[in-house]
Chemist: 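Take a look at the following structure, please.
Since the structure is predicted, the reported quantities are computational estimates derived from the model, not experimental observations. Counting convention: from 1, in listed order, for ligands and their atoms alike. Hydrogens, waters and symmetry mates are skipped; everything else that's a heavy atom, side chains included, is used.
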Amino acid sequence: MPFALDQIDTELAILDREQLRRSIRSVDTPCGTEIQIGGKALLAFCSNDYLGLANHPELIAALSEGATRFGTGSGASHLISGHHIIHDELEAKLASTQSGAIPNVRALFFSTGYLANISAITALSLIGKDKTSIYSAALNHASLIDGIRLARGQGSVNLHVFDHHHLAALEDILRDDSAPHKLIVTDGVFSMDGDLAPVQELLRLANQYDALLMIDDAHGFGVLGKHGYGLLEDQTICSDRIIYIGTLGKAAGLNGAFVCAHEKIIAWFIQKARPYIYSTASSPALAFALLRSISLIEGNLGQELRARLQRNIKLWKDGVTFTHWNRLESNTAIQPIVVGSNETALQLARALDQLGYWIPAIRPPTVPKGMARLRITLSAAHSDEQIQGLCKVLSDLEQNLPRS
Ligand SMILES: Cc1ncc(COP(=O)(O)O)c(C=O)c1O
């Protein structure tokens, strides 16, 4: 047997022993609150379909119409022949969502948020002859961390990681940094904690120390702000220092992502963002459906769904109190319960599964060691009864599960 195959057996056994092995579960039914896995009905509290649009009849119809009008595949990367006029239309629409927040804004559409993040960070770090100082929030998403790792591999970065919400520590390093090009990078809504980045204060620091501020609003776009335009609309901030990332596979119910920034920054990305340049453009049919999704998000339906989601968040928060587990304080759809050990988190996820709920255990390296949790996500599509049922089931489990 090749060495690698033998070694993989050994290392997978270690993951098993440490309760860290991940597995795939295939869903039989469309994304929704009531799903089936292997014929078994489950109530799902784990998708990022915050507005319940992932199986919306208007988006199903739009995807099908898009395929009829524009075909299924783009055929090539954006800079060869894969960029269709519907991509232009989508980018113009996406830019308009951030026009109140970023002067001279332009948008660039990507196949995924992961690609958008690694593209933006690697390209931004190539600006200027000196190394870029990157200031990264400690709980940033893996795609931001991987973008920084790649940028460090290019030899173009000095990295500083600042602790969650520790702005004084961040300012101390910024003050002593003589690098001409600085970049602060943060999740907008922290993906495993659900709290918001202090973007007003981060922007003040960016202004004071001449830095750019990159905000990954994967979990805010569609959900935050009157029109669902995300964290910048919600916080009414505006600056040409901001690089905004929105993703379209979560609240928007489809797939894809975008970067909005000053047009000069987007012009730079088109030259330097390798994952953008060397990857096939996503389907024009998808771009067509995404236009429909954004018009739903910004219109009356979106406003109703956001109000419904807020009501569901309140219902959940009012409905549970725990004695031993730590429900993290969050006003967003991401509502984590930290239970500590991997073993307890897995035990809890299994018990929930038996009771008909799907909430996977989130373990390191996705979250710090000793902070394993259930990451409950709420959607506008959940009913009152579903949320009240979950509150009751979890309260009972907390009392009855043996503690490790
Ligand atoms: C904060 C954050 N950024 C980026 C991504 C990646 O986005 P995508 O799923 O579109 O690749 C995710 C997705 O899970 C995320 O939570």
Side-chain angles (χ1 to χ4, degrees), residues 22 24 31 44-51 53-54 90 94 107-122 124 134 136-151 161 164 184-199 202 213-224 230-232 234 242-261 273 275-276 279-283 286-287 289-290 293-294 297 328 330 332-336 359-360 362-363 365-368 373 375-379:
R22 300 169 188 244
I24 297 175
C31 179
F45 281 91
C46 51
S47 91
N48 301 312
D49 180 24
Y50 301 125
L51 300 180
L53 291 179
L90 175 63
L94 291 167
L108 202 61
F109 175 54
F110 287 83
S111 312
T112 71
Y114 187 94
L115 278 184
N117 280 338
I118 62 174
S119 295
I121 293 176
T122 49
L124 287 168
I134 295 189
S136 176
L139 298 185
N140 274 344
H141 186 258
S143 54
L144 295 172
I145 294 170
D146 290 356
I148 295 168
R149 286 179 179 165
L150 269 178
V161 176
H164 200 46
I184 302 171
V185 180
T186 186
D187 276 18
V189 176
F190 284 92
S191 60
M192 294 298 136
D193 286 47
D195 57 337
L196 303 187
V199 284
L202 289 172
L213 172 60
M214 178 170 159
I215 300 171
D216 171 3
D217 200 24
H219 301 277
F221 185 75
V223 174
L224 299 175
L231 189 56
L232 305 183
D234 181 60
I242 296 176
I243 294 103
Y244 178 88
I245 314 287
T247 64
L248 303 163
K250 300 182 178 7
L254 287 147
N255 245 141
F258 62 99
V259 181
C260 276
Y276 179 79
S279 183
T280 299
S282 63
S283 162
L286 176 65
L290 280 166
S293 166
I294 291 158
I297 284 173
L328 297 187
S330 155
T332 68
I334 300 168
Q335 293 287 330
I359 308 173
I362 307 286
R363 291 157 287 159
T366 309
V367 292
R373 66 195 65 188
R375 175 183 181 266
I376 292 165
T377 49
L378 299 171
S379 163

Chemist: Less than 3.5 Å between some nitrogen or oxygen of H219 and one of ligand 1, yes or no?
Modeler: yes
Chemist: So is Y114 polar-close to ligand 1, meaning N/O to N/O under 3.5 Å?
Modeler: yes
Chemist: Do me a favour and list the nearest non-hydrogen protein atom to atom 10 (O) of ligand 1 with residue, atom name and distance?
Modeler: G113 N, 2.7 Å
Chemist: Quick one: look up the protein heavy atom nearest atom 5 (C) of ligand 1 and list residue, atom name and how far away it is.
Modeler: H141 CE1, 3.5 Å
Chemist: Can you pull out the closest protein heavy atom to atom 14 (O) of ligand 1? Residue, atom name and distance to 0.1 Å, please.
Modeler: K250 NZ, 3.0 Å
Chemist: Quick check on side chain to side chain contact (heavy atoms under 4.5 Å, CB included): which of L231, D187, N140, V259 does D216 satisfy it with?
Modeler: D187
Chemist: Can you list the atoms of ligand 1 that are under 4.0 Å from a heavy atom of N117?
Modeler: 3 (N), 4 (C)
Chemist: Return the CG to CG distance between N48 and L51, rounded to the nearest 0.5 Å.
Modeler: 11.5 Å
Chemist: Give me the residue, atom name and distance of the protein heavy atom closest to atom 3 (N) of ligand 1.
Modeler: D216 OD2, 2.5 Å
Chemist: Geometry only, no angles: is A257 polar-contacting ligand 1 at N/O separations under 3.5 Å?
Modeler: no
Chemist: Could you tell me the separation between the CG atom of L144 and the CG atom of N117, rounded to the nearest 0.5 Å?
Modeler: 4.0 Å
Chemist: Does one side chain, of H141 or Y114, offer a donor that lies under 3.5 Å from an acceptor on the other?
Modeler: no
Chemist: Going by the order shown, which atoms of ligand 1 are within less than 4.0 Å of some heavy atom of A218?
Modeler: 1 (C), 2 (C), 3 (N), 15 (C)
Chemist: Would you indicate whether the side-chain heavy atoms of M192 and I334 approach each other to under 4.5 Å?
Modeler: no
Chemist: Ligand 1 versus L115, non-hydrogen atoms closer than 4.0 Å: side chain, backbone, both, neither?
Modeler: neither
Chemist: Would you say the side-chain atoms of D49 pair up with the backbone N or O of L53, donor to acceptor, closer than 3.5 Å?
Modeler: yes
Chemist: Taking the six-membered ring for Trp, is the centroid-to-centroid distance between F258 and F110 below 6.0 Å?
Modeler: no
Chemist: Using a 4.0 Å heavy-atom cut-off, say whether D187 meets ligand 1 through its side chain, its backbone, both or neither.
Modeler: side chain
